[in-house]
A.B. asks: 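Attaching a single structure in C-alpha cells format; questions to follow.
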Amino acid sequence: MIKADTHLHTSFSGDCDEDMENVIRSGISRGLDILCFTEHMDKDYPVEGLFDLDCDSYRKRYLEMRDRYEDNITLLWGVELGLLPWLADWCSSYVNQYPFDFIIGSVHNPGNVDPYYPEYFEGRSEEEAYTEYFTESLACLEAFSDIDALGHMDYVVRYGPNKNKEYSYKKYSEYIDPILKFIIEKGIALEVNSKGYAKGLGEPNPCRDIIKRYKEMGGELITIGSDAHLAANVAEDFDRTQQLILDCGFRYYAVFTGRTPKLYPLG
C-alpha cells in the first residue's frame with residue numbers, strides 16, 4: 001500500500017479546523033510511515049486573509065509534533081502555495097525564507113475567483129471556464145516554477161456545473177499538454193490527488209488520462225496526497241488511487257525531504 005500522504009491540512013489552513021495531532025494519530029492508525037503537512041498559503045486570495053499562513057506558529061507546532069512522534073512516524077513540513085502570475089517575485093522570496101521539505105504549487109483562483117465558488121462559472125460556458133483554468137495554470141507556472149509538485153492539476157473540474165460529465169483530457173489536450181511538457185522539463189512532479197473520488201469524479205485529480213499522458217510524454221515523478229482537511233480523511237481512497245497509478249504505468253511515487261525526491265515502490 002501507499003505509505004505516505006503528502007498533502008495534508010490542519011487548523012493552520014484557513015479552511016480547516018483539525019488539530020495537527022489528530023491528523024498524526026489518524027496516519028499512524030492507517031499504517032502510514034510518512035505524513036507531510038502542506039498548509040495553504042494563498043496571497044491575494046479573493047477572501048482577504050483567509051489563506052495567510054502564520055508560518056512561524058505552524059513551524060513551531062510541527063517541530064513539537066515531529067519530536068513527540070519521532071518513534072512512530074516520519075513527519076515532514078511543507079506548504080501548498082497558491083500561484084498567480086503577478087506573485088512571482090513574492091513567491092520566490094517566500095519559499096526561500098523557510099526550510100520546507102515540500103512545496104506544492106496550486107492554482108486556486110484563476111482570474112482572481114476560486115472555482116470553489118459558483119460565480120466562477122456564471123455568465124459563460126463550462127468549457128470556457130475550464131479552458132481559462134488550464135490557460136491560467138500555464139501562465140502561473142511560466143511566471144514561477146520553484147515548486148516541487150503541481151497540485152490537483154484539474155482542480156476546476158471538482159466544482160464545475162457538470163463536474164467531469166462532459167470533461168476529458170482529449171477535449172482540453174491542447175491546453176493540458178503544454179502544462180505537462182513544462183513540468184517535465186522543469187523536473188516538477190505531478191501530484192495525484194485522491195480527493196477527486198470524494199468529490200464524486202470517480203477518479204483522482206488529475207484524471208486518469210492526464211496521468212497516462214504525463215507518463216507517455218516522459219514524466220516520471222508523481223506524488224500522492226489525500227488533500228485531507230479532516231483526520232478521518234487521511235489516506236482516503238489510496239487503494240483505488242494506487243491501482244489507477246499502477247494501471248497508468250507507474251511503479252514508484254516520490255516523497256520530498258529537503259525538497260529532494262526519494263522514490264518508493266507502489267507495490
Side-chain angles (χ1 to χ4, degrees), residues 2-13 16 18-28 30-43 51-83 90-106 108 141 144-153 183 186-195 220-229 231 234-235 238 252-266:
I2 298 164
K3 290 289 190 176
D5 190 339
T6 59
H7 190 151
L8 296 166
H9 298 282
T10 75
S11 57
F12 290 99
S13 289
C16 182
E18 191 69 84
D19 186 80
M20 186 181 287
E21 191 161 18
N22 293 338
V23 174
I24 295 167
R25 290 173 176 171
S26 179
I28 293 169
R30 285 162 169 74
L32 298 183
D33 294 335
I34 302 169
L35 298 176
C36 184
F37 297 102
T38 53
E39 307 293 6
H40 285 294
M41 178 64 227
D42 281 65
K43 185 174 171 58
F51 293 124
D52 287 348
L53 176 61
D54 182 349
C55 215
D56 293 328
S57 296
Y58 169 36
R59 177 74 177 168
K60 181 180 179 181
R61 178 64 167 166
Y62 158 75
L63 291 173
E64 176 190 352
M65 292 294 100
R66 186 191 67 179
D67 293 345
R68 183 178 300 177
Y69 287 95
E70 63 181 347
D71 294 332
N72 306 100
I73 195 165
T74 297
L75 301 179
L76 302 174
W77 195 64
V79 66
E80 183 179 10
L81 191 63
L83 304 180
W90 182 89
C91 287
S92 181
S93 175
Y94 182 79
V95 301
N96 287 301
Q97 287 180 45
Y98 299 99
F100 294 115
D101 286 304
F102 181 45
I103 298 172
I104 300 173
S106 295
H108 289 133
L141 288 166
F144 178 76
S145 60
D146 188 12
I147 60 174
D148 302 314
L150 176 61
H152 45 52
M153 180 179 164
I183 65 172
K186 293 290 186 177
I188 297 168
L190 179 69
E191 183 200 39
V192 180
N193 187 302
S194 67
K195 198 168 186 177
E220 294 292 342
L221 280 178
I222 58 167
T223 64
I224 302 170
S226 65
D227 206 349
H229 287 64
V234 172
F238 270 21
Y252 299 90
Y253 64 100
V255 175
F256 283 76
T257 302
R259 305 203 58 196
T260 299
K262 180 178 178 180
L263 298 182
Y264 292 84
L266 276 163

A.B. asks: Decide yes or no on side chain to side chain contact (heavy atoms under 4.5 Å, CB included) for Phe37 and Leu76, but give the supporting numbers first.
C.D. replies: CA-CA 6 Å; Phe37 297 102; Leu76 302 174; over 6 Å; no

A.B. asks: Walk me through it: do Arg68 and Glu64 pass the test salt bridge (Lys or Arg N to Asp or Glu O under 4.0 Å)?
C.D. replies: CA-CA 6 Å; Arg68 183 178 300 177; Glu64 176 190 352; 2.9 Å; yes

A.B. asks: Which value, rounded to the nearest 0.5 Å, describes the distance between His108 atom NE2 and His40 atom NE2?
C.D. replies: 5.0 Å

A.B. asks: Could you go through the salt bridge (Lys or Arg N to Asp or Glu O under 4.0 Å) check for Asp19 and Arg61 one step at a time?
C.D. replies: CA-CA 10 Å; Asp19 186 80; Arg61 178 64 167 166; 3.0 Å; yes

A.B. asks: For residues Leu53 and Tyr94, determine if any side-chain heavy atom of one lies less than 4.5 Å from a side-chain heavy atom of the other.
C.D. replies: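 Sidechains of Tyr94 and Leu53: in contact.
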
A.B. asks: Between Glu39 (side chain only) and Val79 (backbone N and O only), is there a donor and an acceptor less than 3.5 Å apart?
C.D. replies: no

A.B. asks: What's the separation between atom CG in Asp148 and atom SG in Cys36, rounded to the nearest 0.5 Å?
C.D. replies: 9.5 Å

A.B. asks: Check the pair Glu70, Arg66 against salt bridge (Lys or Arg N to Asp or Glu O under 4.0 Å), reporting the backbone distance first and the verdict last.
C.D. replies: CA-CA 6 Å; Glu70 63 181 347; Arg66 186 191 67 179; over 6 Å; no

A.B. asks: Any donor and acceptor pair, going by atom type alone, linking the side chain of Thr10 with main-chain N or O of Met20 inside 3.5 Å?
C.D. replies: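 Side chain of Thr10 to backbone of Met20, a donor-acceptor pair under 3.5 Å: no, none is there.
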
A.B. asks: Please tell me if the side chains of Ile188 and Ser145 come closer than 4.5 Å, counting only heavy atoms from C-beta onward.
C.D. replies: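 Yes. Closest side-chain heavy atoms under 4.5 Å.
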
A.B. asks: Is the Phe256 ring parallel, tilted or perpendicular to the Phe102 ring (thresholds 30°, 60°)?
C.D. replies: parallel

A.B. asks: Ring centroid separation for His229 and His7, is it under 6.0 angstrom?
C.D. replies: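 No, the ring of His229 stays outside the 6.0 Å limit from the ring of His7, centre to centre.
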
A.B. asks: Within a strict 4.5 Å, meaning less than it, do heavy atoms of the Tyr253 and Leu266 side chains meet?
C.D. replies: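 Tyr253 vs Leu266: side chains touch.
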
A.B. asks: State, with a plain yes or no, whether a side-chain heavy atom of Leu35 is found less than 4.5 Å away from one of Val234.
C.D. replies: yes

A.B. asks: Relative to each other, are the rings of Tyr98 and Trp77 parallel, tilted or perpendicular (30° and 60° limits)?
C.D. replies: perpendicular

A.B. asks: Does the side chain of Leu221 come within less than 4.5 Å of Leu190's, by heavy atoms?
C.D. replies: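 Side chain of Leu190 against side chain of Leu221, heavy atoms only: no contact under 4.5 Å found.
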
